[in-house]
Amino acid sequence: MKERDAAATEVATPLPKKRSHSWLTYAMITTVSWGVWGALIEIPEKAGFPATLGYCVWALTMIIPSFFALKNNHWKLETNRRAVSSGLIIGFLGSVGQIVLFHVLIIGPAYLVFPIISLAPLLTILMSYFLLKERTSTRSWIGIVLALVAIPLLSFQPASNGFHGYAWILLSLFVFAAWGVQAYFMKTANTHMETASIFFYMTITGIVLIPVALAMTDFTREINWGPSGPYLATVIQSLNAVGALFLVYAFRYGKAIIVSPMINAGAPMITIILSLIIYATVPHFVIVVGMVMAITAIFLMAE
């Protein structure tokens, strides 16, 4: 009996014990990284380097943080069936969602697409509440609600015409579901495998889908292969990759019902502020309201 208990102990991976406010530190790193990335990502695109090629660059920049994560974990990569399947599911949900988004923005209005997709944390919260039984304080719940309202406001864009059909709605809902479920699986995977392994498989799936992004690229148009193209994109996409790594750590030590809305509300707010400074663009009143709500929400959730 004792031998059986000992064997079970060896197989099972203990739940993360590191708590305190480490999750908040990781979440804030992701928020800042993605906020800065969001403000700069349009620079290489406007300079003639397509977003689809930007995806390819991002997938390759994931290799660097993955290397350091594995090194920090003493090069231990989990290769059991459960770990591999969990890591690949997380990776494909994120990467496929991004690939689909490229097409959605071609056939659908961005001012409606982004608000739909931005509510992905709502799905994560519902799954975490009912399936993981996560609970939090009344103060944090108020912050969660404010964040969920602020996120689509921060994604507001003026209406534009020229879009027909409804396929973009279904594809937008697909991305919404993919990213919402991805965050849930990211949380559950952290209970039975190391963060380094999760991120490694996320990196692999991102790279595997590079041919799809290349196939979506219009090479008949002139592409900027100079310093302001792939080279600048590499620097900017590295912020995305680093943010993704710390996102996994944030989910490991924090509650998904808190981490997901906090980051999704905080990053766009930083993007808007930096865009105001860099491009001297005055945000719409709706966005300003969203920023105020996001700041309040982060304060309430960061307890």
Just by modelled atom types, is the [Y] backbone N or O under 3.5 Å from a matching donor or acceptor in the [X] side chain?
{"X": "Thr271", "Y": "Gly35", "result": "yes"}
{"X": "Ser260", "Y": "Ala256", "result": "no"}
{"X": "Arg135", "Y": "Tyr129", "result": "yes"}
{"X": "Asn224", "Y": "Ala47", "result": "yes"}
{"X": "Ser128", "Y": "Ile125", "result": "no"}
{"X": "Asn264", "Y": "Ser118", "result": "no"}
{"X": "Ser86", "Y": "Ala83", "result": "no"}
{"X": "Ser85", "Y": "Arg82", "result": "yes"}
{"X": "Ser197", "Y": "Glu78", "result": "yes"}
{"X": "Gln182", "Y": "Ile90", "result": "yes"}

About how many Å separate [atom2] of [Y] and [atom1] of [X], when rounded to the nearest 0.5 Å?
{"X": "Asn240", "Y": "Met62", "atom1": "CG", "atom2": "CE", "value": "8.0 Å"}
{"X": "Leu276", "Y": "Ile273", "atom1": "CG", "atom2": "CD1", "value": "8.0 Å"}
{"X": "Phe176", "Y": "Ile116", "atom1": "CZ", "atom2": "CD1", "value": "9.5 Å"}
{"X": "Leu247", "Y": "Thr31", "atom1": "CG", "atom2": "OG1", "value": "9.0 Å"}
{"X": "Thr191", "Y": "Arg252", "atom1": "OG1", "atom2": "CZ", "value": "8.5 Å"}
{"X": "Ile277", "Y": "Ile272", "atom1": "CD1", "atom2": "CD1", "value": "12.5 Å"}

Transitive ILVMFWY side-chain link [X] to [Y], under 4.5 Å:
{"X": "Tyr166", "Y": "Leu112", "result": "yes"}
{"X": "Val149", "Y": "Phe285", "result": "yes"}
{"X": "Phe299", "Y": "Ile258", "result": "yes"}
{"X": "Ile151", "Y": "Tyr111", "result": "no"}
{"X": "Ile117", "Y": "Leu173", "result": "yes"}

With Glu134 via side chain to side chain donor-acceptor pair (under 3.5 Å) - residues at least two apart: none

Tell me if the centroids of the rings in Phe67 and Trp75 come within less than 6.0 Å of each other. yes

Looking at Trp23 versus Tyr26, is the centre-to-centre ring distance below 6.0 Å? no

Beyond-backbone contact of [X] with [Y], side-chain heavy atoms, under 4.5 angstrom:
{"X": "Met202", "Y": "Val248", "answer": "yes"}
{"X": "Ile298", "Y": "Met269", "answer": "yes"}
{"X": "Tyr55", "Y": "Leu209", "answer": "yes"}
{"X": "Met301", "Y": "Thr136", "answer": "no"}
{"X": "Val259", "Y": "Tyr253", "answer": "no"}
{"X": "Phe49", "Y": "Val57", "answer": "yes"}
{"X": "Ile144", "Y": "Trp141", "answer": "yes"}
{"X": "Phe246", "Y": "Ser33", "answer": "no"}

What closest approach, in Å, do [X] and [Y] show between heavy atoms, and which atom pair accounts for it?
{"X": "Tyr249", "Y": "Ala69", "value": "OH-CB, 4.5 Å"}
{"X": "Gln98", "Y": "Trp179", "value": "N-CZ2, 3.7 Å"}
{"X": "Ser238", "Y": "Thr61", "value": "OG-CG2, 3.8 Å"}

More than 12 heavy atoms of other residues, nucleotides or ligands under 6.0 Å from CZ of Phe219: yes or no? yes

Apply side chain to side chain contact (heavy atoms under 4.5 Å, CB included) to the pair Leu171 and Trp168, showing each step before the final yes or no. CA-CA 5 Å; Leu171 292 176; Trp168 65 268; 5.6 Å; no

When you look at Leu154 and Ile287, which way does the side chain to side chain contact (heavy atoms under 4.5 Å, CB included) test go after all the steps? CA-CA 5 Å; Leu154 292 170; Ile287 296 178; 4.3 Å; yes

Applying side chain to side chain contact (heavy atoms under 4.5 Å, CB included) to Asn190 and Ile198, what does each step give before you reach the verdict? CA-CA 8 Å; Asn190 267 301; Ile198 296 174; 3.6 Å; yes

For Tyr231, the other hydrophobic cluster members (4.5 Å side-chain criterion, sorted by chain and number) are none

For Ile43, the other hydrophobic cluster members (4.5 Å side-chain criterion, sorted by chain and number) are Val32, Val36, Trp37, Leu40, Ile41, Leu232, Ile236, Leu239, Ile270, Leu274, Ile278, Tyr279

Test side chain to side chain contact (heavy atoms under 4.5 Å, CB included) applied to Val181 and Ile89, step by step: CA-CA 10 Å; Val181 174; Ile89 288 173; 6.0 Å; no

